[in-house]
Number of protein chains: 2
Amino acid sequence: MPAPQRVSTESLIATIREIAEKEGVDAVTMSSVAAAVGVRAPSLYKRAANRHELLRLAADDAARELGSEIADIAAASDDPRAVLAGTARALRALATRSPRVTTLLFCAPHPAADHSPEMLAPIMAELLDAVRAITPDDPLSAARTLTAWAYGFCTMEQNGGFRQGGDVDAAFERGLEIVLRGIAG
Amino acid sequence: MPAPQRVSTESLIATIREIAEKEGVDAVTMSSVAAAVGVRAPSLYKRAANRHELLRLAADDAARELGSEIADIAAASDDPRAVLAGTARALRALATRSPRVTTLLFCAPHPAADHSPEMLAPIMAELLDAVRAITPDDPLSAARTLTAWAYGFCTMEQNGGFRQGGDVDAAFERGLEIVLRGIAG
DNA sequence: ACCTGAACACCGTTCAAGT
DNA sequence: ACCTGAACACCGTTCAAGT
């Protein structure tokens with residue numbers, strides 16, 4: 001006798017992200033998620049093969065969020081510099097409002113079970129277009145430099161790597177200037 | 001009746017790093033480390049308060065390694081550009097030969113139990129000196145830009161973030177050029 | 001002073017049985 | 001077709017007892 005699914009995928013993902021941000025990634029256990037969603041732990045295996053895939057659902061959701069924001073920015077502006085700056089700021093905004101899941105997005109605990117690479121590919125494509133408008137010289141490396149810096153900055157900020165003090169917001173904007181100037185040659 | 005310590009701190013740390021690199025950070029359990037070192041799990045609590053501190057021992061060891069390499073580079077060269085480039089390359093070399101522990105160094109799983117910040121402080125001091133020789137303008141932000149990029153690049157490389165192909169070594173050197181040019185203004 | 005066995009609470013995962 | 005209870009192997013951690 002068929003039984004309807006008791007919990008939607010969207011609310012499942014929202015619950016995972018909520019637990020991760022509020023209590024930490026370690027608190028995302030099969031039973032905590034199940035309890036929060038009104039079900040027993042074994043039922044979750046109908047939605048994900050294992051705990052890691054549960055976390056990947058959350059990371060992919062954040063990547064989708066970031067991707068659509070960046071697509072909006074690219075669509076709204078013709079200035080490639082503005083597109084690149086907007087992308088970096090959007091990543092930092094995500095890292096600020098969803099630090100745990102953003103960390104998950106880039107520092108996958110298991111290298112084997114990496115998050116779907118196709119989630120980040122469209123973002124890279126937008127960036128490449130913008131970089132090409134600035135420099136004809138090896139745009140892929142230039143785009144990677146920007147993403148590596150932005151990602152590294154956000155992760156260090158989240159991990160408390162900036163304890164030396166100073167204005168972190170200003171440091172971000174200064175870093176953005178440095179990288180964009182360097183790319184422009 | 002006193003009983004001598006059965007395992008030296010150095011061999012304990014070496015064992016942890018070995019397991020982490022060969023079988024993954026998840027494989028570093030109290031019992032696997034204890035077994036590899038010829039002891040029972042509870043004995044490890046004489047050396048570390050918990051599993052996380054065991055991992056922190058390994059991360060701090062790698063940081064010490066990196067720090068002394070960078071100190072050597074700074075001592076051997078008067079060219080600030082060479083010091084900055086050497087630092088970035090030393091970090092990447094560490095990430096290449098000890099990827100798991102390097103990830104641990106920067107992407108601490110628990111934000112609470114972060115690795116000792118004083119491990120990285122001397123490295124930052126060397127960098128600041130070199131940056132100051134290049135630009136007088138907000139050297140702290142400039143140094144952070146370099147470290148954020150280098151760290152981000154290595155982490156993305158380790159996590160397979162560069163699946164789009166291309167020569168990764170060349171991309172690293174190109175990124176280094178971009179960042180140094182940007183800092184020089 | 002260090003090490004151990006035994007115990008505790010917890011976790012991820014499997015699976016046969018329910019509806 | 002989904003959910004459940006019961007079970008399994010494993011883990012981190014504590015602690016009283018050994019030497």
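Chain letters run A, B, ... following the sequence lines, proteins first and then strands; every chain starts at 1.
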- Choosing from C:dT4, D:dA6, D:dG12, which nucleotide comes nearest the side chain of B:T29? D:dG12

- Query: Just wondering, do B:L12 and B:V33 contact through their side chains at under 4.5 Å, heavy atoms?
  - Reply: yes

- Item | Candidate nucleotides D:dT4, C:dG12, D:dG12, ranked by approach to the side chain of B:M30 - the nearest | D:dG12

- Message: Assess whether a salt bridge exists between A:R97 and A:E21, defined as any Lys/Arg side-chain N lying under 4.0 Å from an Asp/Glu carboxylate O.
- Response: no

- Rounded to whole angstrom units, what separation is found between the NZ atom of A:K46 and the C1' atom of C:dT19? 14 Å

- Whole Å only: how far is the CD atom of B:E23 from the P atom of D:dC10? 15 Å

- Message: Quick check on D:dT4: is either OP1 or OP2 less than 4.0 Å from any side-chain nitrogen or oxygen of A:R6?
- Response: yes

- Value in whole Å for how far the P atom of D:dC10 lies from CZ of B:R51: 16 Å

- Task: Could you check which nucleotide pairs with C:dC2 in any of the strands shown, counting Watson-Crick or G-U wobble with both distances under 3.5 Å?
- Result: D:dG18

- Is any side-chain nitrogen or oxygen of B:R40 closer than 4.0 Å to OP1 or OP2 of C:dG5? yes

- Task: For A:L54 and C:dG12, give me the distance from atom CG to atom P, rounded to whole Å.
- Result: 10 Å

- Message: How many whole angstroms separate atom CG of B:D26 from atom P of C:dG12?
- Response: 12 Å

- Query: Roughly, in whole Å, what's the span from CG in B:N50 to P in D:dT14?
  - Reply: 8 Å

- Mind calculating the distance between OH (A:Y45) and C1' (D:dG5) to the nearest angstrom? 15 Å

- Assess the pair A:F172 and A:W149: is the distance between their ring centroids shorter than 6.0 Å? yes

- Query: Starting at CG of A:L44 and ending at C1' of C:dC11, how long is that distance when rounded to a whole Å?
  - Reply: 14 Å

- Task: Determine, for B:R64 against B:D60, whether the closest basic-nitrogen to carboxylate-oxygen distance falls under 4.0 angstrom.
- Result: no

- Please give the nucleotide sitting opposite D:dC11 as a Watson-Crick or G-U wobble pair, both distances under 3.5 Å, or none. none

- In terms of heavy-atom contacts, B:L94 and B:R17 come closest through CD1-NH2, 4.4 Å

- For A:S31 and for A:A49, find the nucleotide of DNA chain C with the closest heavy atom, then tell me which residue's nucleotide is more 5'. A:S31

- Are A:S43 and D:dT4 close enough that a side-chain N or O sits under 4.0 Å from OP1 or OP2? yes

